[in-house]
Amino acid sequence: MDGLIISLTFLVLGYVFGKLAEGRHYRSIHAREEILVRLPTTSCKKPIKTSTPISHAELVHGHVVISIDYFKRLLAGLRNFFGGSVRSYETLLDRARREAVLRLKESCPTANEIINLRIETSSISKGGSGDRVGSVEVLAYGTAIYYEQGSAQPSLL
Amino acid sequence: MFVSNIEDIPGKTITTCYGIVSGSTVRTKHLGRDIFASIKNIFGGELKGYTELLGESRDEALGRMKAQAQQLGANAIVNVRFSTSSVAAGAAEIYVYGTAVTVE
């Protein structure tokens, strides 16, 4: 009986706080993405404008470890039973990837362009309760390109 | 030390190649962080302790790789790749590797 009450409490806590946290996180992601949209990021190995002289380049990275809440974990467990797309994990990974890319961009605000962006995902909660994915780490890395002073800004549009 | 994850350093030419250099580290946080993380697992959200842990490890691995390249006499590392794996609960291995070169 006690176990059931504890699980139910966790469920309610997970649902309420998880939902609040996710909403807050998405709002912050949208706001920051709007600001950083001027920094072109591609997965190509060459800069967009090959003719522009480059002053220097450096390796930049951004990462985040993010965890799913108790309620969604249970929901995903149920979904496993019926099969189909697991929405709760989709939003978790979406949030983690966008956050990692945002952090990468924020680490080099004066760069003109980021090329060869790679995103890597790993689950770091192995050995915890069961082998269910609880938290994921997303690492984004790329090469930041700085143009010579006075060169025109590239544009994706 | 120039570091990039593309095949060259833009605006420079590669003159000598020294082969693969790598750096790795396995790190774990103290118990308090792990307990905090498992509580955070109920509510969901970012696990700041682990984010910090992996950031520190990555910087250390990068530092080791750069030191190795310096020892060889290289002044740049190109085509850098990261890889992460969890070896035990709460411990993470970070591996960074790339090609050490001299650029002019």
Side-chain angles (χ1 to χ4, degrees), chain A residues 9-11 13-14 16-22 24-25 44-47 53-73 88 92 95-96 99 103 115-118 120-129 134-135 137 139 141-146 148, chain B residues 1-12 26-29 33-59 61-62 65-66 76-96 98 103:
Chain A
T9 322
F10 281 177
L11 265 184
L13 281 177
V16 174
F17 285 97
K19 212 171 169 86
L20 280 175
E22 190 179 291
R24 200 163 52 223
H25 194 196
C44 304
K45 291 200 171 170
K46 291 271 172 264
I54 291 160
S55 85
H56 66 288
E58 63 173 0
L59 184 77
V60 286
H61 54 88
H63 68 117
V64 66
V65 180
I66 194 165
S67 157
I68 200 166
D69 61 67
Y70 196 85
F71 177 75
K72 285 192 166 178
R73 194 169 308 150
S88 44
L92 173 81
R95 275 161 66 197
E99 178 73 35
R103 283 188 188 180
I115 59 167
N116 204 12
L117 179 80
R118 302 268 165 145
E120 192 180 298
T121 315
S122 55
S123 134
I124 60 150
S125 61
K126 205 157 77 184
S129 54
S135 47
E137 197 232 355
L139 164 72
Y141 60 103
T143 302
I145 301 281
Y146 295 85
E148 300 233 330
Chain B
M1 181 71 71
F2 302 101
V3 185
S4 87
N5 73 337
I6 46 177
E7 273 105 13
D8 54 356
I9 305 289
K12 312 237 184 246
V26 180
R27 286 183 86 149
T28 157
K29 272 280 183 215
R33 288 279 200 197
D34 285 339
I35 293 169
F36 183 75
S38 58
I39 294 170
K40 200 71 204 268
N41 250 323
I42 298 164
F43 304 114
E46 185 186 348
L47 305 175
K48 286 219 174 68
Y50 284 150
T51 306
E52 215 173 82
L53 161 76
L54 289 160
E56 285 164 9
S57 323
R58 202 154 282 132
D59 288 342
L62 268 171
M65 181 179 72
K66 284 181 190 167
I77 304 167
V78 294
N79 226 348
V80 170
R81 295 280 180 272
F82 286 98
S83 94
T84 312
S85 52
S86 73
V87 282
E93 197 227 359
I94 311 279
Y95 186 58
V96 191
V103 291

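Just so we're clear, the structure is a prediction, and the values are computed from it rather than from any experiment. Protein chains get the first letters and strands the later ones, always in sequence-line order, with residue 1 at the start of each.
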Within the distance-only criterion (no hydrogens, no angle test), does the side chain of [X] pair as donor or acceptor with the backbone N or O of [Y] below 3.5 angstrom?
{"X": "A:Glu120", "Y": "B:Thr84", "result": "yes"}
{"X": "B:Thr51", "Y": "A:Val64", "result": "no"}
{"X": "B:Asn5", "Y": "A:Asn116", "result": "yes"}

What residues, two or more places apart in sequence or in another chain, satisfy salt bridge (charged side-chain N to carboxylate O under 4.0 Å, His left out) together with B:Glu7?
->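 Result, salt bridge (charged side-chain N to carboxylate O under 4.0 Å, His left out) vs B:Glu7: A:Lys45.
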
Segment of [X] engaging chain B (4.5 angstrom heavy-atom cut-off):
{"X": "A:Leu139", "value": "side chain"}
{"X": "A:His61", "value": "side chain"}
{"X": "A:Arg95", "value": "side chain"}
{"X": "A:Lys19", "value": "neither"}

For chain B, find which of A:Ile145, A:Val60, A:Thr143 contributes the most heavy-atom pairs closer than 4.5 angstrom.
->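 Winner by heavy-atom pair count: A:Thr143.
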
Chain A contact via [X] - side chain, backbone, both or neither, heavy atoms under 4.5 Å:
{"X": "B:Ile6", "value": "both"}
{"X": "B:Arg58", "value": "side chain"}
{"X": "B:Ile77", "value": "neither"}

Give the C-alpha distance, both sets of side-chain angles, the deciding distance and a yes or no for salt bridge (Lys or Arg N to Asp or Glu O under 4.0 Å) between A:Glu99 and A:Arg103.
-> CA-CA 6 Å; A:Glu99 178 73 35; A:Arg103 283 188 188 180; 2.9 Å; yes

Under 4.5 Å between any side-chain heavy atoms of A:Tyr141 and A:His63, yes or no?
->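 They are not in contact (no side-chain heavy atoms under 4.5 Å apart), so the answer is no.
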
Using a 4.5 Å cut-off on heavy atoms from C-beta on, say whether the side chain of A:Lys72 contacts that of A:Leu92.
->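 No, too far: nothing below the 4.5 Å cut-off.
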
Heavy-atom pair count under 4.5 Å with chain A, highest-scoring of B:Gly11, B:Gly45, B:Ser83 =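 The candidate making the most pairs under 4.5 Å is B:Gly45.
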
